[in-house]
Structures are given as structure tokens and as C-alpha cells.
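To start, the structure under review is shown below, and the notes come after it.
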There are 2 protein chains.
Amino acid sequence: MTVSKTAEKSAEKAGDGTRGRKDAPEGLPEALQLGELSEQLGYVLKRAQLKVFENFLHCMASLQLTPAQFSVLLLVEKNPGRNQTEIASTLGILRPNFVALLDNLESRDLCARIRSTNDRRSHILVLTDKGKAVLTRAKKLVATKHESRLNELLGQANREALLEMLSKIANEF
Amino acid sequence: MTVSKTAEKSAEKAGDGTRGRKDAPEGLPEALQLGELSEQLGYVLKRAQLKVFENFLHCMASLQLTPAQFSVLLLVEKNPGRNQTEIASTLGILRPNFVALLDNLESRDLCARIRSTNDRRSHILVLTDKGKAVLTRAKKLVATKHESRLNELLGQANREALLEMLSKIANEF
DNA sequence: GATAATTGTTATGGACCATATCAAATATCG
DNA sequence: CGATATTTGATATGGTCCATAACAATTATC
């Protein structure tokens, strides 16, 4: 360990129990300075993403849908007749990891695998009637509880600008 | 499984081998429609975050620093003399999971734990001289290779607006 | 028709996250 | 003071997500 003496000294000085700001009322636990961290896009991006997912899960509690499950339902609805490989790769999910995800949706009768008659290796994915109904309800929940709150917070125009910039990063970075 | 007959039929129709758009030149694998997915902030946010982290790791390959490790070094530099609990909780890392992270940084002589003389339970965290030097180089790499590329892509003003909106989500959502 | 490639699947390991628990040290309160 | 509760760092453990290798069945390619 090669800690400079000055480092040790300043550390002990800063950590000596009464580290309130000058003339602080009492020894209340002072908040740390984020410093340059709050300027790091990656850091803020990750924190924001966690918050958004957390709120998504909360809004979807009644339907028990995770963001990943919701995205699968949306994509299968928009692209009926595609197989697992196509749906999974579009979502950036590796085929092996997509199996359990689908098993879950299928066991809940939201999605169905159908053996293709053209290529009997592949399973064609379709939403069940229940899956369509659940997805419809899910969309409503997302719109009224989730996205609407983001609109409140940012404003409609800002939210659209945010989406556009994030898309740019996701696609062109 | 309750798949309606119409669902099965449309699925087979859409999945019948030659699923090019009308008068497509050849049977080239047609891209899936993202549909409403590209309007879901959570989805785009996650994709963007993965891209940013991926690029960060690439830029930091020479220093072998992950985003989490970089954030620890930044926070310890800005707040010398704090203990593990304070640094970890500020970063949203649980104490048990912070131990291995610190073990790594300490084994590479970037960070040091110092037993506090005031409270002999806690370990005060300090950057070593090597840690300071590495962090300085890391900051330069991030600025010149990572954040600069984001500025290219978005423009300075947009990048700042993006950061502000993400902070708002991270803190007020 | 032999070989290569694709599809879904399983097994497996790593990274990250969360909870319970522990010993040592300290704080609290009778 | 001394008994009890709390805090700190640490370990163990389990869950989830992500990545790779390998396999049988099927299809494509030559």
C-alpha cells in the first residue's frame, strides 16, 4: 500500500467525527458531494433507467409483467408469425435466454409456440386471446400511469426530445 | 392453450417462407417492425444505457476500469475520509456487494482502507497515489474518447439538455 | 447423398443484486 | 457503571440476467 502521508492526514482530518460544514447547527450526517459524477452521462443514464424500470414494474404489478415480457408481447403482436430467433435477436436477447422467458409467457397462456409447417425446426410465435387482452390492458396501464407521469415531469415536448436523443444513442453510438 | 383459429391462420400466412414486402426483389430476411416499442421510454433508455456502458468499457480498456469502479474512484477523490457505508450507499451499492468491489481496487493499489481512529469499526477510504494517477488518466480518456463522441452525436446543447432530463428522472421520478 | 448450417434447447459459469447473519466496536439507556 | 441495542465491515447464499458451448432435429448446400 502506498498511501501518501498527506493523503492519510487529510483523510483523518476529514473523517474526524465532526465533519459538518462550517458553522453547521449540529453533527447531522452531511451528504456526500457527487462532483463530476453528476456530469457523467453513463452514471445518470443508469440511475434514470433503474428508476423508470422500477416505476414500470410498480405500474404493472396487477398484470405481473416485466419490461422484458412486455416488450416480447408488443413485438409478437406487431410481428405475428415470426420465430423465436427473430423475436429474440430483435430484442437483443440471446436465444438460450429467450427460452425461459417464453416458457413463462406460455405457461401463463399469454403466448403460444406453433410448429411451423414450412420449417419444422422453428416455432412460430403468436399471442393467445388472453395474451392480446392482457397486452391491451398493459398498454393502457403504461399510458395512463407510466408514460403520463413522465410527461408531467418533463413536458410533452421534452419527453419527445429525450426519446429522440436516446434513440440516436441506441442506434448510432 | 387457447389460440384462436384466426390467430393460427394469420400466423401461418405471415410465416410462410416468402414473407417479403409486396414485390420485394428477393426473399431477403425482412426486418421486424419495432412498432410501439420504439416509443417506450424504458426500452430506448435501456438500449441507450447498454450502448453507453459498452463504449465506456471500450474507452477504458487500457486502464481496465468498469463504470462502477470509475464511479467509486471519482466519489472517493471528491469525498476523502468517508467510510465504506457512506460511499457505497451514495452510489446505490449495498454494503455486502461493495466489499468485493473495494477488494479489487485495493488489490490493484488504487484505493486503500484505513482503520479510523475515531470509530474503529469503520474503514476510511482514500485514493492511493497510483489511484490518483490512474483516475487522472481515466478522466482524460472519458473526456476525449467517450463524452466527446456523445457531443459529436448530439451536439453540446442537446447533450446538456439530455443530462438535465435524465437527472430529473433519476432524482424526481 | 454427404456435409454444413440453422433452430430450439440444455447446461453452465460469470456478473450483478438482495437478504440474512456474524463478530467487533460503539451507542444508548437504565 | 453495565446490559442491551445499534452500527460497520464482512461472509454466505440465492436470485436474476447475460454469455458461451454443446446437442438433437431439421433443413440447406454442394
Side-chain angles (χ1 to χ4, degrees), chain A residues 15-18 27 29 42-43 46-47 49-51 53-54 56-57 64-72 76 81-107 111-125, chain B residues 15-18 26-29 42-43 46-47 49-51 53-54 56-57 64-72 76 81-107 111-125:
Chain A
D16 63 356
T18 67
Y43 177 75
K46 176 84 177 185
R47 302 300 284 250
Q49 185 258 313
L50 290 175
K51 273 292 185 71
F53 269 43
E54 182 187 2
F56 183 95
L57 283 173
Q64 284 289 94
L65 281 183
T66 68
Q69 293 166 342
F70 180 65
S71 69
V72 170
V76 171
R82 298 301 189 126
N83 62 27
Q84 297 184 198
T85 299
E86 292 172 309
I87 298 291
S89 76
T90 300
L91 292 173
I93 303 173
L94 293 170
R95 271 78 49 141
N97 301 327
F98 193 58
V99 174
L101 212 177
L102 254 194
D103 285 348
N104 182 346
L105 293 177
E106 199 174 28
S107 72
C111 188
R113 299 182 232 226
I114 303 180
R115 298 216 86 94
S116 168
T117 54
N118 317 303
D119 185 342
R120 293 181 38 221
R121 291 171 297 185
S122 60
H123 292 168
I124 278 175
L125 299 184
Chain B
D16 63 357
T18 68
E26 214 30 62
L28 73 172
Y43 177 75
K46 175 84 178 186
R47 300 303 285 250
Q49 185 259 315
L50 290 175
K51 274 291 186 72
F53 268 44
E54 183 187 3
F56 183 96
L57 284 172
Q64 284 289 95
L65 282 183
T66 67
Q69 293 166 341
F70 180 65
S71 70
V72 170
V76 171
R82 299 301 190 125
N83 63 26
Q84 297 183 198
T85 299
E86 293 172 308
I87 298 291
S89 76
T90 301
L91 292 173
I93 303 174
L94 295 170
R95 274 74 47 121
N97 301 325
F98 193 59
V99 174
L101 214 176
L102 254 193
D103 286 347
N104 183 345
L105 293 178
E106 198 173 28
S107 72
C111 190
R113 298 182 233 227
I114 302 181
R115 298 216 86 94
S116 168
T117 54
N118 317 303
D119 185 342
R120 293 179 39 221
R121 289 171 298 185
S122 60
H123 292 168
I124 278 174
L125 299 184

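The chains referred to below are lettered A, B, ... by the order of the sequence lines, with proteins before strands, and numbering in each begins at 1. Just so you know, these numbers use all the heavy atoms, side chains as well, and skip hydrogens, waters and symmetry mates.
The two residues Q49(B) and Q49(A) have their closest heavy-atom pair at OE1-OE1, 3.5 Å. Residues Y43(B) and L91(A) come closest through the heavy atom pair CE1-CD2, 4.0 Å.
Along DNA chain C, the nucleotide closest to L94(B) and the one closest to Q84(A) are compared, and the more 5′ of them pairs with Q84(A). Nearest-nucleotide positions on DNA chain D place P96(A) closer to the 5' end than the other of R121(A) and P96(A). Comparing K46(A) and R95(A) by the nucleotide of DNA chain C whose heavy atom lies nearest to each, the residue mapping closer to the 5' end is R95(A).
Taking atom CD1 on I114(B) and atom C1' on dT8(D), their separation rounds to 17 Å, with Å as the unit. Here the C1' atom of nucleotide dT7(C) and the CZ atom of F98(A) are 13 Å apart, to the nearest Å. Between the NE2 atom of H123(B) and the C1' atom of dA23(C) there is a distance of 13 Å, rounded to whole Å. Rounded to whole angstrom, the span from the CZ atom of F53(B) across to the P atom of dA15(C) amounts to 16 Å. Between the CD atom of E86(A) and the C1' atom of dG8(C) there is a distance of 13 Å, rounded to whole Å. L101(A) has its CG atom 15 Å from the C1' atom of dT9(C), to the nearest Å.
Between R120(A) and dT6(C) there is no side-chain N or O to OP1 or OP2 distance below 4.0 Å. OP1 or OP2 of dG8(C) sits under 4.0 Å from a side-chain N or O of T85(A).
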- Task: Test side-chain contact (heavy atoms from CB on, under 4.5 Å) on F53(B) and T66(B) and set out the steps.
- Result: CA-CA 9 Å; F53(B) 268 44; T66(B) 67; over 6 Å; no
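Nearest to the side-chain atoms of N83(B) among the listed nucleotides dA10(D), dT8(D), dT9(C) stands dT8(D).
Under the 3.5 Å distance criterion, the side-chain polar atoms of R113(B) are left unmatched by any main-chain donor or acceptor of N83(B).
Nucleic acid contact for D119(B): sugar-phosphate only, since backbone atoms but no base atoms lie under 4.0 Å from a heavy atom of the residue.
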